[in-house]
Structure formats: structure tokens, C-alpha cells
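To find a chain, count down the sequence lines: A is the first, B the second, and so on, and within it residues start at 1. Since the model is a prediction, treat every value here as computed from it, not as a measurement.
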Protein chains: 2
Amino acid sequence: MTLYSIGEFSRMSGLTVKTLRFYHEKQLLTPALVEQETGYRNYDKSNLERAHIIVALRELGFALDSILEILAECGDDADVLIFLEERKHQLQDEIRERDDIVRVLDSIIETETNARSEMTKTISEIEEKVLAPILVGGIRMTGRYSDCGKAFRQLGRKLGRHMGGKAMMLCYDDEYREEDADFEPCVPLKREVQAEGVEVRELPGGKCISLVHFGPYEDFGRSYHRLLDYAKEREFSLVNPSREVFIKGPGMIFKGNPKKYVTELQFLIKT
Amino acid sequence: MTLYSIGEFSRMSGLTVKTLRFYHEKQLLTPALVEQETGYRNYDKSNLERAHIIVALRELGFALDSILEILAECGDDADVLIFLEERKHQLQDEIRERDDIVRVLDSIIETETNARSEMTKTISEIEEKVLAPILVGGIRMTGRYSDCGKAFRQLGRKLGRHMGGKAMMLCYDDEYREEDADFEPCVPLKREVQAEGVEVRELPGGKCISLVHFGPYEDFGRSYHRLLDYAKEREFSLVNPSREVFIKGPGMIFKGNPKKYVTELQFLIKT
DNA sequence: GCTAAGGCCTCCAGTAAGGGGAGAGTCAAG
DNA sequence: CTTGACTCTCCCCTTACTGGAGGCCTTAGC
């Protein structure tokens with residue numbers, strides 16, 4: 001039987017010399033002959049066959065340990081079936097994981113891209129427009145506005161992949177309240193879902209007045225004032241709750257700079 | 001400003017103590033205060049904020065190096081956009097890779113599962129049946145039958161994901177030839193594809209006689225003999241080339257045991 | 001006979017993101 | 001003063017190798 005030096009065998013098998021030495025150490029591929037004196041490794045045809053199997057399994061992404069196990073237990077593709085099924089499930093899990101991340105990335109990217117285009121309108125004018133009805137899931141609560149973070153996180157966890165669109169807050173108070181405000185963080189949904197502790201329903205559409213507010217939430221007062229004045233002038237009767245749509249707020253990752261926040265304030269008009 | 005011990009901060013941030021120490025070393029998250037004497041780490045609110053960002057980025061699968069870079073360059077989700085896009089492409093590549101492997105796994109699994117059910121029929125009887133036309137890609141060659149391996153590997157590389165069904169060989173010789181046999185390894189295709197060096201065409205369907213052969217290829221002689229006798233008895237006129245469908249041959253991974261090979265020999269009948 | 005070039009060997013260090021544990025110092029309560 | 005909880009540093013382990021240093025052996029060229 002012809003023998004090949006490690007260099008020759010490397011070229012034949014497509015494995016590097018380093019890798020071959022490593023596989024020898026791991027008992028994954030033991031050379032047919034190791035010269036006593038020099039320690040030189042010599043490989044033969046059967047080594048090559050085994051090397052091909054190893055390469056094939058490696059390309060399927062098996063760990064070396066698994067390959068070792070497979071080589072020990074299997075002599076035929078049929079015997080590998082169980083391992084293949086297992087590996088397939090592993091891969092499908094990995095794909096699912098990555099798919100989920102991509103979805104999250106997409107939603108962040110979309111939000112930021114929208115916000116960017118919104119930012120170009122620097123002057124904020126009051127607009128009259130018509131809102132479409134919208135399906136949302138919300139958590140109504142009493143307390144400080146700044147406590148809404150928890151609610152949004154909870155919405156994120158419970159509704160996850162069903163969310164679609166910008167988060168918003170419904171404000172039920174007629175006057176400004178610091179400590180015991182009555183409000184409802186909510187997110188638009190792509191489809192009807194049930195989730196514990198979350199009220200899912202359709203918000204009515206209709207004619208509304210809207211104002212885009214640039215800057216921190218503490219400054220909402222002035223923008224609300226402008227909206228109310230505008231409504232009074234035209235004798236519009238406004239419908240509770242008002243809506244605050246977070247075009248750009250604290251990001252999913254960074255808190256960002258409140259001066260750069262963009263929020264659209266909306267009031268439906270009673271007709 | 002309140003300070004927290006590493007244990008408290010660990011509970012607050014959801015990062016293990018080990019991880020916090022590691023991030024300190026990597027300068028990813030430097031405690032607000034390190035006591036000179038004891039070396040105790042003390043964290044503050046701003047550390048917590050940074051920790052939240054790190055966790056968020058880590059959940060998106062960013063490497064710590066990238067996180068470090070992002071933290072250095074970005075102060076806002078908008079700044080991260082480029083990184084997010086990049087990460088998304090990475091993920092999509094990873095998904096594609098895994099999808100490809102899953103497809104390969106599926107084809108191996110399918111082949112072996114089919115072979116297994118075929119194996120249960122132990123007696124091989126000559127059958128008359130009707131073949132549907134089938135789209136194939138093939139590489140016609142002259143030489144030894146045993147040289148077909150290269151051709152199949154080439155078909156695998158060039159047609160990859162378009163293949164669907166069991167590989168087969170078309171034999172154009174009227175008599176047995178050792179050295180200069182004329183044959184064509186080919187694979188069924190799901191759709192019309194073009195590939196250099198590969199002839200893609202539809203094999204005609206029609207009535208045929210078929211015999212399932214169990215065992216090594218060297219024993220084909222007897223099975224062919226049985227088919228030819230059967231045809232002569234019934235005065236069937238057979239059409240060249242004959243087809244050898246590899247129900248179970250050398251696996252994609254293991255060469256397997258030739259005694260377990262299963263091949264279906266088919267001859268179309270001239271009508 | 002000497003040197004240079006390959007080819008081969010072993011051993012060590014490093015990768016990413018920490019986990020596990022040893023041995024020693026620190027802190028607060030009983 | 002002791003005990004138990006907490007913290008520190010340092011080292012080794014993981015995967016599947018890669019890179020490099022230093023050394024042995026053979027052959028070709030001068």
C-alpha cells in the first residue's frame with residue numbers, strides 16, 4: 001500500500017497540515033504509520049476515505065466530537081440518519097433565532113428611518129387629517145407618565161412579533177396630573193391577539209387635529225396649549241383620550257437625546 | 001450618587017459577576033469607582049444605563065468588539081443604523097448558509113428513508129410500469145463506470161439546489177464494455193436550469209420493464225440478463241439507453257456496504 | 001565540505017465570551 | 001472573635017483550529 005507524507009496527504013484531502021496534526025491528536029484521523037525515529041506521519045488510502053467522510057460531515061456543520069461519535073457508530077449513511085435529523089433541528093433552531101433578531105432589527109431600522117424623514121420637517125404646524133381605525137394592545141395604568149417604560153417592555157414581551165407600527169400613549173385626563181395620571185401605553189397590532197393583562201381592541205378612526213412636537217416630553221404643555229386654542233377658535237369639540245404617537249423617542253438601544261425626540265399629538269374631533 | 005457592589009449590580013443588570021469583571025477588563029463597562037485598597041468595584045446609575053445598552057446589543061448578537069465600537073461612536077439609535085444594517089446582512093448570510101445545509105440534509109434523509117422502505121421488498125420481481133417524462137441534467141462520458149463519481153460531484157456542484165429525486169445513470173452500450181463504456185450520469189431537476197458542461201433535457205416517459213437489483217454493481221449482469229430474457233419471451237423491443245436508478249448507492253457521506261446497494265434497472269419498451 | 005531551502009517535528013500562545021474553582025482578603029452581624 | 005457572605009486575583013477550560021519559534025532531516029547547489 002502506498003503511503004503519503006503529511007504534505008502530500010494535505011493536498012489530496014484538502015485539509016491543512018496543521019489540521020491533520022490536530023485531527024491526529026484528537027484521534028479523529030490516525031495516520032496509517034508514524035515513524036518511530038522521526039515522528040513523521042504517513043497516510044494511506046483508507047485514511048483518505050475517512051478524511052472525505054470527515055470533510056463531508058464538517059461541511060454539514062457537525063462538531064468534531066459528533067463526527068468522532070458518528071465515525072465510531074456508523075458504517076453507512078442509513079446509520080447517520082438520527083444524527084442528521086438532530087443536526088437539522090439544531091440548524092432550524094439557529095435559523096429561527098436569527099430570524100427573530102432580523103425582525104427586531106427591521107423594526108428598529110424602520111422606526112429610525114421614519115423618524116429621520118419626519119425630522120426634516122422642522123416647523124410644526126397644526127394639521128387636520130383623518131385617522132384610520134387601528135387595532136392596538138394597551139395596558140391602562142395610573143401613576144406618573146415616566147412609569148410607562150415598564151408597560152412598554154411588557155407589551156414588547158407579550159406581543160412580540162405581532163406588533164406593527166409606532167408605539168403610542170393614550171391620555172385620559174382632562175387636566176395635567178403629575179402623580180396619578182390616567183394613561184395607557186399601547187402598540188398597534190398586525191392581527192388580533194390575546195395576551196394576559198393586555199387589552200386588545202380597535203381604536204376608532206375619524207377626523208382629528210394633530211401637531212408634531214419636537215423635543216422632550218416635559219415641554220408637551222405648550223404644544224397641547226396650541227392644539228386646544230386651535231380647537232376653541234374653530235369650535236371643535238375634542239374627544240378623550242388624546243393620543244401621543246412616538247415617532248422618535250428613547251430608542252430600543254440608546255436612550256438618545258430628549259431634544260431630538262419627535263412626538264405627534266392627536267385629538268379626535270367630535271362630529 | 002448611590003453606589004452598588006458588584007453583586008447588587010449583577011442582580012440589577014442581569015449580568016453575572018464574572019461577566020461584569022470581564023467587561024471591566026475589556027473596558028466595556030468600567031465601574032464608577034474602584035476602591036484603591038481592596039480593589040472592590042462599585043457601580044452607579046450611569047453604569048446601569050450602559051449595561052442596559054450592552055445587553056440590548058448583545059441580544060442582537062453583536063460581538064463585544066462591535067459593541068465597544070458602537071458605544072464609542074453612537075449616542076442615539078439613529079447613529080447605530082449602519083451597524084444594524086450590517087448585522088442584519090450578516091444574519092441573513094448565516095441564515096442562508098444554514099438553509100443550504102438543511103436542504104442537503106433533507107435530501108440525504110429523504111434518500112435514506114426511501115431506500116429503507118425499498119429494502120423491505122426483499123424479492124426482486126420484474127415489473128411492467130409506465131414512466132412519466134422527467135427533466136434531467138446529465139454529463140455524457142466514455143470510460144469506466146467507476147469514473148462516474150467525478151461527474152456526479154460536478155452535477156452536485158453545478159445544479160446544487162435545483163436537484164430533486166434520485167440520481168441515475170443512462171447506459172448507451174448494447175453490450176457490456178469495461179474500458180470505454182458510453183454512459184451518462186444524471187440527476188432529476190425541479191426546473192429548467194442552464195449549467196456549463198451539463199446537458200439539460202427531458203427524458204421521455206412511456207411503458208417500461210423494471211427490476212430492482214440488490215447488491216453491488218458488479219452483479220448487474222445477472223439482473224440485466226433476466227430483463228433481456230423477459231423481454232425476449234414477450235417479444236418486447238427495448239429502447240436504448242437503459243436507466244439505472246440509484247435507490248441506495250454509496251451515500252453522500254459514507255461509502256457504505258455494496259451488498260446493501262439498491263438499484264432499479266429500467267428499459268423503455270418500443271411501442 | 002558548507003549552506004540554503006524545503007519539509008517535518010513539538011511546543012507555546014492566541015482566538016470569543018465567559019465558566020469553574022482555588023486561595024486569600026473584606027465586611028457586617030451575632 | 002468568629003462565622004458566613006461577598007469580593008478579589010489568578011489560572012485553567014471550552015472550539016477548531018492558526019501562527020510562530022526553534023529544531024531535525026534530507027537534498028541541491030556552490
Side-chain angles (χ1 to χ4, degrees), chain A residues 3-43 47 50-51 53-71 87 90-91 94 97-98 101, chain B residues 3-44 47 50-51 53-71 87 90-91 94 97 101:
Chain A
L3 291 179
Y4 308 95
S5 75
I6 196 169
E8 290 168 327
F9 191 75
S10 160
R11 266 162 262 139
M12 291 161 67
S13 62
L15 297 163
T16 69
V17 171
K18 282 276 190 191
T19 302
L20 286 171
R21 286 202 266 257
F22 181 64
Y23 286 178
H24 180 189
E25 186 194 341
K26 289 264 159 186
Q27 317 219 30
L28 198 59
L29 187 59
T30 310
L33 171 77
V34 180
E35 281 171 41
Q36 199 68 22
E37 290 247 304
T38 61
Y40 277 32
R41 294 168 179 84
N42 288 278
Y43 294 84
N47 285 145
R50 195 172 163 102
I53 298 175
I54 294 173
V55 169
L57 290 171
R58 211 180 48 167
E59 275 168 6
L60 295 176
F62 281 98
L64 295 195
D65 278 354
S66 312
I67 296 183
L68 204 52
E69 196 182 344
I70 293 174
L71 281 166
R87 176 85 190 114
Q90 264 182 29
L91 284 167
E94 291 177 14
E97 259 177 50
R98 283 164 176 73
I101 299 183
Chain B
L3 291 178
Y4 308 95
S5 74
I6 196 170
E8 290 168 327
F9 191 75
S10 160
R11 266 162 263 138
M12 292 161 68
S13 63
L15 296 164
T16 69
V17 171
K18 280 275 186 193
T19 303
L20 287 171
R21 287 202 268 255
F22 180 63
Y23 286 178
H24 181 190
E25 186 194 343
K26 288 264 159 186
Q27 317 218 31
L28 199 58
L29 186 61
T30 309
L33 172 75
V34 180
E35 283 170 41
Q36 198 68 22
E37 291 247 303
T38 61
Y40 276 33
R41 294 169 178 83
N42 289 279
Y43 294 84
D44 67 4
N47 285 143
R50 194 171 164 101
I53 298 174
I54 294 174
V55 169
L57 291 171
R58 210 179 49 166
E59 274 168 7
L60 295 176
F62 281 98
L64 296 194
D65 279 354
S66 314
I67 296 183
L68 203 53
E69 197 182 343
I70 292 174
L71 282 166
R87 176 87 190 113
Q90 263 181 31
L91 284 167
E94 291 176 13
E97 258 178 50
I101 299 184

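- Within residues 53-69 of chain A, the residues approached by DNA chain D to less than 4.0 Å at the level of any non-hydrogen atom are A:R58, A:A63, A:L64, A:D65, in residue-number order.
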List, with names and distances, any nitrogen or oxygen atoms from the protein found under 3.5 Å away from nitrogen or oxygen atoms belonging to nucleotides 27-30 of chain C.
none

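- Around CD of A:E35, the count of heavy atoms belonging to other residues, nucleotides or ligands within 6.0 Å exceeds 12.
- Once you apply a 4.0 Å limit to the heavy atoms of chain A, the touched nucleotides of DNA chain D run 5' to 3' over D:dT15 to D:dG20.
- Atom C1' of nucleotide C:dT15 and atom NZ of B:K26 are separated by 9 Å, given to the nearest angstrom.
- Looking only at side-chain heavy atoms (C-beta outward), B:N42 and B:N47 stay at 4.5 Å or farther from each other.
- Remark: side-chain polar atoms of A:R98 are paired, donor with acceptor, to backbone N or O of A:E94 under 3.5 angstrom.
- The backbone N or O of A:R21 lies less than 3.5 Å from no partner atom in the side chain of A:R41, so there is not a single donor-acceptor pair.
- Atom CD in B:E37 sits about 11 Å away from atom C1' in C:dT26, given to the nearest Å.
- Of the residues in residues 5-21 of chain B, those with a non-hydrogen atom less than 4.0 angstrom from any atom of DNA chain C are B:T16, B:K18, B:T19.
- B:E8 places a side-chain N or O within 3.5 Å of a backbone atom of B:S5 that can act as its donor or acceptor partner.
- Counting heavy atoms from C-beta outward, A:L15 and A:S10 have side chains that stay 4.5 Å or more apart.
- If you run ring pair (Phe, Tyr, Trp, His ring centres under 6.0 Å) between B:Y43 and each of B:Y4, B:Y23, B:F9, only B:F9 comes through.
- Contact check for A:T30 versus A:H24: side-chain heavy atoms found under the 4.5 Å cut-off.
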side-chain contact (heavy atoms from CB on, under 4.5 Å) between B:D44 and B:L33, intermediate numbers included: CA-CA 8 Å; B:D44 67 4; B:L33 172 75; over 6 Å; no
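- In this structure, A:R41 does not reach the C:dC8 phosphate: none of its side-chain N or O atoms is under 4.0 Å from OP1 or OP2.
- With sequence neighbours excluded, no residue forms a salt bridge (Lys or Arg N to Asp or Glu O under 4.0 Å) with B:R50.
- Side-chain contact check for A:E69 versus A:D65: every heavy-atom pair is 4.5 Å or farther apart.
- Rounded to whole Å, the distance from CD on A:E25 to P on C:dC12 is 12 Å.
- A rotation axis mapping the C1' atoms of four pairs onto the next four is fitted at both ends of the helix from C:dG1-D:dC30 to C:dG30-D:dC1 over five pairs, and the angle between these axes is 50° to 10 degrees.
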